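From a predicted model like this one, the values you see are computed outputs, not experimental measurements.
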Amino acid sequence: WAGDPERLVIATKGGLARKGPRWLPAGDPARLVRQAQASREALGVERIDLYLLHAPDKRVPWAEQVAALAEIRDQGVARHVGLCNLSDPAQLAEALALAPIAAVQIPLSPFDCKAVRSGLVDACAARGIAVIAHSPLGGWRKRGRVGRDAAFAAIGGRRGISAEAAALTWLVQGLPHVIA
């Protein structure tokens with residue numbers, strides 16, 4: 001960024017609601033639009049660069065959730081829209097029939113490669129859709145696991161880096177189209 005506001009990219013998510021101590025998917029289309037508008041106002045920007053649906057809501061038809069993203073984009077609330085926590089390429093294909101999806105955020109770590117095995121990462125790469133990895137070291141629930149992994153510790157030791165750095169290098173080199 002180096003202080004140049006023209007290079008700053010604002011990305012945020014919506015589509016969750018608090019229920020007690022937990023956050024749950026909340027894909028009601030009107031709520032999604034309101035959340036995007038509220039995010040734009042709270043961020044003080046004319047338009048959010050990338051607005052992502054945090055997680056599919058099984059209680060709301062997928063097409064309605066994606067149509068709300070298209071509306072957010074068409075209204076100029078967000079320049080680009082994206083999806084998080086998809087489970088397979090079919091979900092992506094269905095979404096692409098309704099809205100231009102710019103990015104997909106997925107859990108991706110040495111211990112969670114479901115999105116790779118399902119073909120979702122390759123489907124994104126084939127369509128020029130950015131893939132953003134979250135929890136590349138396993139997230140807060142699995143924190144420390146990479147550092148205790150003998151294989152990554154050995155690789156790191158040979159390269160003079162930590163087991164975590166070795167795991168991230170493995171992840172990025174193996175999937176060059178993923179933003180970790």
Side-chain angles (χ1 to χ4, degrees), residues 1-27 35 39 42-43 45 48-58 69 78-92 95 101-180:
W1 178 54
D4 180 1
E6 295 299 316
R7 294 184 58 201
L8 183 64
V9 175
I10 303 292
T12 191
K13 303 180 197 180
L16 289 183
R18 192 103 162 139
K19 186 168 185 173
R22 298 173 22 143
W23 288 97
L24 299 174
Q35 285 182 338
S39 290
L43 291 165
V45 295
I48 298 167
D49 294 309
L50 175 62
Y51 191 78
L52 300 130
L53 173 64
H54 199 288
D57 184 343
K58 294 177 182 167
L69 290 176
R79 180 171 292 132
H80 301 287
V81 294
L83 306 165
C84 302
N85 301 304
L86 295 187
S87 59
D88 64 55
Q91 269 183 307
L92 176 62
I101 302 301
V104 172
Q105 185 182 39
I106 53 167
L108 183 63
S109 76
F111 309 112
D112 186 350
C113 294
K114 287 180 248 169
V116 174
R117 287 193 306 274
S118 73
L120 181 61
V121 170
D122 286 339
C124 288
R127 292 168 176 84
I129 297 169
V131 175
I132 305 167
H134 74 72
S135 306
L137 294 175
W140 67 271
R141 287 189 179 115
K142 297 178 184 170
R143 64 187 176 278
R145 183 173 174 193
V146 171
R148 295 186 305 270
D149 185 85
F152 287 121
I155 293 167
R158 286 194 301 273
R159 294 184 176 178
I161 58 176
S162 68
E164 292 82 3
L168 290 174
T169 301
W170 170 82
L171 191 63
V172 172
Q173 287 178 347
L175 301 164
H177 44 277
V178 173
I179 303 167

A.B. asks: Please report the closest heavy-atom contact between P136 and P110, naming both atoms and the distance.
C.D. replies: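 Of all heavy-atom pairs spanning P136 and P110, the closest is O-CD, 3.4 Å.
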
A.B. asks: So do the side chains of L8 and I10 get within less than 4.5 Å of each other, counting heavy atoms only?
C.D. replies: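 They are in side-chain contact.
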
A.B. asks: Which of these, L108, L50, V104, I106, sits in a side chain to side chain contact (heavy atoms under 4.5 Å, CB included) with I132?
C.D. replies: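 Option passing the side chain to side chain contact (heavy atoms under 4.5 Å, CB included) with I132: L50.
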
A.B. asks: Identify the heavy atoms of G27 and D57 that sit nearest to each other, and give their distance.
C.D. replies: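 Scanning both residues, the minimum pair turns out to be N-OD2, 2.8 Å.
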
A.B. asks: Can you name the one residue among L53, L83, L52 that meets side chain to side chain contact (heavy atoms under 4.5 Å, CB included) with I101?
C.D. replies: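 That would be L83.
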
A.B. asks: Side chain to side chain contact (heavy atoms under 4.5 Å, CB included) for H134 and N85? Distances and angles first, verdict last.
C.D. replies: CA-CA 10 Å; H134 74 72; N85 301 304; 3.2 Å; yes

A.B. asks: Is D88 reaching over with its side chain to a backbone N or O of Q91, donor-acceptor style, under 3.5 angstrom?
C.D. replies: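 Here the side-chain-to-backbone pair exists.
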
A.B. asks: About how many Å separate CD of Q105 and OG of S135, when rounded to the nearest 0.5 Å?
C.D. replies: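 It comes to 8.0 Å.
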
A.B. asks: Atom CG of D112 and atom CZ of R117: how far apart are they, to the nearest 0.5 Å?
C.D. replies: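 Those atoms lie 7.5 Å apart.
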
A.B. asks: Taking all non-hydrogen atoms of both residues into account, name the closest pair between V146 and F111 and its distance.
C.D. replies: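 So the two residues come closest at CG2-CE1, 3.4 Å.
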
A.B. asks: To the nearest 0.5 Å, tell me how far C84 SG sits from L16 CG.
C.D. replies: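 The SG atom of C84 sits 9.0 Å away from the CG atom of L16.
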
A.B. asks: Could you go step by step and tell me if L92 and I129 meet the side chain to side chain contact (heavy atoms under 4.5 Å, CB included) rule?
C.D. replies: CA-CA 10 Å; L92 176 62; I129 297 169; 4.0 Å; yes

A.B. asks: Within a reach of under 6.0 Å around CZ of R18, are more than 12 heavy atoms found that belong to other residues, nucleotides or ligands?
C.D. replies: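 Yes - once you tally the heavy atoms of other residues, nucleotides and ligands closer than 6.0 Å, there are more than 12.
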
A.B. asks: Looking at side-chain heavy atoms only, is the closest gap between S118 and P89 below 4.5 Å?
C.D. replies: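 Counting from C-beta outward, S118 and P89 do come under 4.5 Å.
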
A.B. asks: Closest approach of A102 and H80, non-hydrogen atoms and distance?
C.D. replies: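 Heavy-atom minimum between the residues: CB-CB, 3.6 Å.
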
A.B. asks: Of the non-hydrogen atoms in W170 and C113, which two are nearest, and what is the gap between them?
C.D. replies: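 Here W170 and C113 meet closest at CH2-SG, 4.4 Å.
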
A.B. asks: Do you know which two heavy atoms are closest between Y51 and G14, and how far apart they sit?
C.D. replies: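 So the minimum-distance heavy-atom pair works out to OH-CA, 3.0 Å.
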
